[in-house]
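Note sheet for the following structure.
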Protein chains: 2
Amino acid sequence: MTGGTELPTRERPAPAPTTETTAPRADAPAPTTGTAVADGPTAAPSPALPEPALDEIRLEAVLHALADPVRLRIVGELAAGHSEMSCIAFGLPVTKSTSTHHFRVLREAGVIRQHRRGTSRMSALRREDLAALFPGLLDSVLAAVGRQPAGPPPA
Amino acid sequence: MTGGTELPTRERPAPAPTTETTAPRADAPAPTTGTAVADGPTAAPSPALPEPALDEIRLEAVLHALADPVRLRIVGELAAGHSEMSCIAFGLPVTKSTSTHHFRVLREAGVIRQHRRGTSRMSALRREDLAALFPGLLDSVLAAVGRQPAGPPPA
DNA sequence: GTCGAACTACGAAAGTCGTCGTACGATGGC
DNA sequence: GCCATCGTACGACGACTTTCGTAGTTCGAC
């Protein structure tokens, strides 16, 4: 079963590279240009957190980001009429550390954008961007989330 | 950041339980009823491989199954006008062992169905089932696969 | 009967992922 | 200035995923 064109091997949906305003994690992708960070002439960190540009968003990374119940919940609530929400507003059943991890996965995949507001981090869906890149994908996922029962299938 | 309703924890998109006709893998989910296995009165294994029933297919498992470049390639080729294909026909750039692993992930998530034909394993998309469960999802993914460049984003 | 081919179970190795606790920084209120 | 709150970096842990090689099963051709 060998031959054919090479596929990307093993680099399981690498999150899109983002532009960093702080020291990146060791495993964070290298920063790139074209980020949507809005900066003044000051050197102070921007309130917007680094996010991938439109052409850096990959289907595998988006699907991987959505293939988790916690992240599906976050995306569902962001879609339910809220233009933006702070992390604490979600009432997630995991610790703050884990929540921060999930928000970062969503942001680095290009599913959400975040900016600071005081001590809070406001998150919003990149609805138009995802609709432009993968028409109908987010709507299908949100429709499915709205009616799928929570939790694993019955024993 | 605690509170709110419990989400399924950690059970990372558990593949839907399937009905087995052979000894399951140690980590395979327990067999369930309602499988689409077509059997005669004989005890011989059925040519159809076990697959989850419609109500056992979970969004997270489907998204997880699709969040991999090898499996996206398989699904893309199955969608490209082929009603069914044998495993060897895909020319995947991984070994037979790994290919078998990927086909099993797709089948257990409910994305494809498989049956034996001689020494071959014929695979087909569960197009109507997925359209019924998650309208527009598969079409969006296939449309995106058709135009997304292969491989990781440029350095 | 043997043989070749397709396919898989099993186990191992390496890497990834989700979880958490701890310690810290940034912000706003006082 | 201190304090409370929000959020995060870091590291650790356990489980999961992807990869492959090996040995085996099943099927069809001869």
Side-chain angles (χ1 to χ4, degrees), chain A residues 1-2 7-15 20-28 44-47 49-50 60-61 64-65 67-71 85-90 92-109 114-123, chain B residues 1-2 7-15 20-29 44-47 49-50 60-61 64-65 67-71 85-109 114-123:
Chain A
M1 281 192 187
T2 57
L7 284 183
T9 57
R10 203 40 206 276
E11 288 142 290
R12 262 306 282 343
E20 302 290 343
T21 53
T22 59
R25 289 173 67 102
D27 58 343
S46 157
L49 275 71
E60 289 96 327
H64 173 69
D68 177 272
V70 173
R71 297 196 290 271
M85 288 168 67
S86 67
C87 297
I88 196 172
F90 290 83
L92 296 170
V94 292
T95 66
K96 295 168 72 173
S97 308
T98 306
S99 296
T100 296
H101 162 77
H102 283 301
F103 280 103
R104 187 172 57 81
V105 171
L106 285 169
R107 175 169 49 82
E108 290 183 357
Q114 290 184 295
H115 67 275
R116 302 184 190 87
R117 187 196 286 170
T119 54
S120 297
R121 294 297 169 269
M122 314 304 293
S123 302
Chain B
M1 276 192 190
T2 57
L7 285 182
T9 57
R10 203 40 205 279
E11 288 142 288
R12 264 307 282 341
E20 303 290 342
T21 53
T22 59
R25 290 174 65 101
D27 58 345
S46 156
L49 276 71
E60 288 98 327
H64 173 70
D68 178 274
V70 173
R71 296 196 289 271
M85 288 168 67
S86 66
C87 298
I88 197 173
F90 290 83
L92 296 171
V94 292
T95 64
K96 294 168 75 169
S97 308
T98 304
S99 295
T100 297
H101 161 76
H102 283 303
F103 279 103
R104 186 172 58 81
V105 170
L106 286 170
R107 175 168 49 82
E108 290 184 355
Q114 290 183 294
H115 67 275
R116 299 185 190 88
R117 188 197 286 168
T119 54
S120 297
R121 296 296 169 266
M122 313 305 294
S123 304

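All values reported here derive from a predicted model rather than from experimental measurement. So you know, we letter chains A, B, ... as the sequences are listed, proteins then strands, and number each from 1. Atom set for the values below is all heavy atoms of this structure, side chains included, hydrogens, waters and symmetry mates excluded.
- In this structure, CZ of B/Phe103 is placed 14 Å from P of C/dA9, rounded to the nearest angstrom.
- Contact check, B/Thr98 against D/dC20: a side-chain N or O comes under 4.0 Å of OP1 or OP2.
- Of the two residues contacting DNA chain C, namely A/Ser97 and A/Arg117, the nearest-nucleotide position lying further toward the 5' end is that of A/Ser97.
- For the OP1/OP2 pair of C/dC17 and a distance below 4.0 Å, the side-chain nitrogens and oxygens of A/His64 include at least one atom meeting the criterion.
- Going from atom NE2 of A/His102 over to atom CG of A/Asp68 covers 4.5 Å, rounded to the nearest 0.5 Å.
- If you measure from atom NZ of A/Lys96 to atom P of D/dA9, you get 13 Å, rounded to the nearest angstrom.
- You'll find that the side chain of A/His102 is closest to C/dG18, out of D/dG7, C/dC7, C/dG18.
- Rounded to a whole Å, the CG atom of A/Leu92 is 14 Å from the C1' atom of D/dC6.
- When distances run from any side-chain atom of A/Cys87 to the nucleotides C/dC7, D/dG7, C/dC20, the shortest one goes to D/dG7.
- Nearest nucleotide to the side chain of A/Thr100, out of D/dT18, D/dT8, D/dC20: D/dT8.
- For B/Ile88, counting side-chain heavy atoms from C-beta on, the closest listed nucleotide (C/dA6, C/dG21, C/dG18) is C/dA6.
- For the pair B/Glu60 CD and D/dC16 P, the interatomic distance rounds to 16 Å; values are reported in whole Å.
- Side-chain N/O atoms of A/Thr119 include none lying less than 4.0 angstrom from OP1 or OP2 on D/dC6.
- Between A/His115 atom NE2 and D/dT8 atom C1' the separation is 18 Å, expressed in whole Å.
- Put simply, B/Arg71 has a side-chain N or O that comes within less than 4.0 Å of OP1 or OP2 on D/dT18.
- When all heavy atoms of B/Ala61 and B/Ala109 are compared, the closest pair comes out as O-CB, 3.6 Å.
- Between B/Gln114 atom CD and D/dT26 atom C1' there is a gap of 15 Å when expressed in whole angstrom units.
- For A/His101, counting side-chain heavy atoms from C-beta on, the closest listed nucleotide (C/dT8, C/dG18, D/dC20) is C/dG18.
- For the atom pair CG of A/Leu92 and CZ of A/Phe103, the computed distance is 5.5 Å after rounding to the nearest 0.5 Å.
- For the pair B/Arg116 CZ and D/dT26 P, the computed distance is 9 Å after rounding to whole Å.
- Taking the side chain of A/Ser120 as heavy atoms from C-beta on, and the options D/dG7, C/dT8, C/dT19, the nearest nucleotide is D/dG7.
- The two residues A/His64 and A/Arg71 make their nearest non-hydrogen contact at O-NH2, 3.2 Å.
- Considering B/Gln114, B/Lys96, B/Met122 in turn, B/Gln114 is the only one that fulfils the side chain to side chain contact (heavy atoms under 4.5 Å, CB included) rule with B/Cys87.
- Distance CG (B/Asp68) to C1' (D/dT17): 9 Å, rounded to an integer number of Å.
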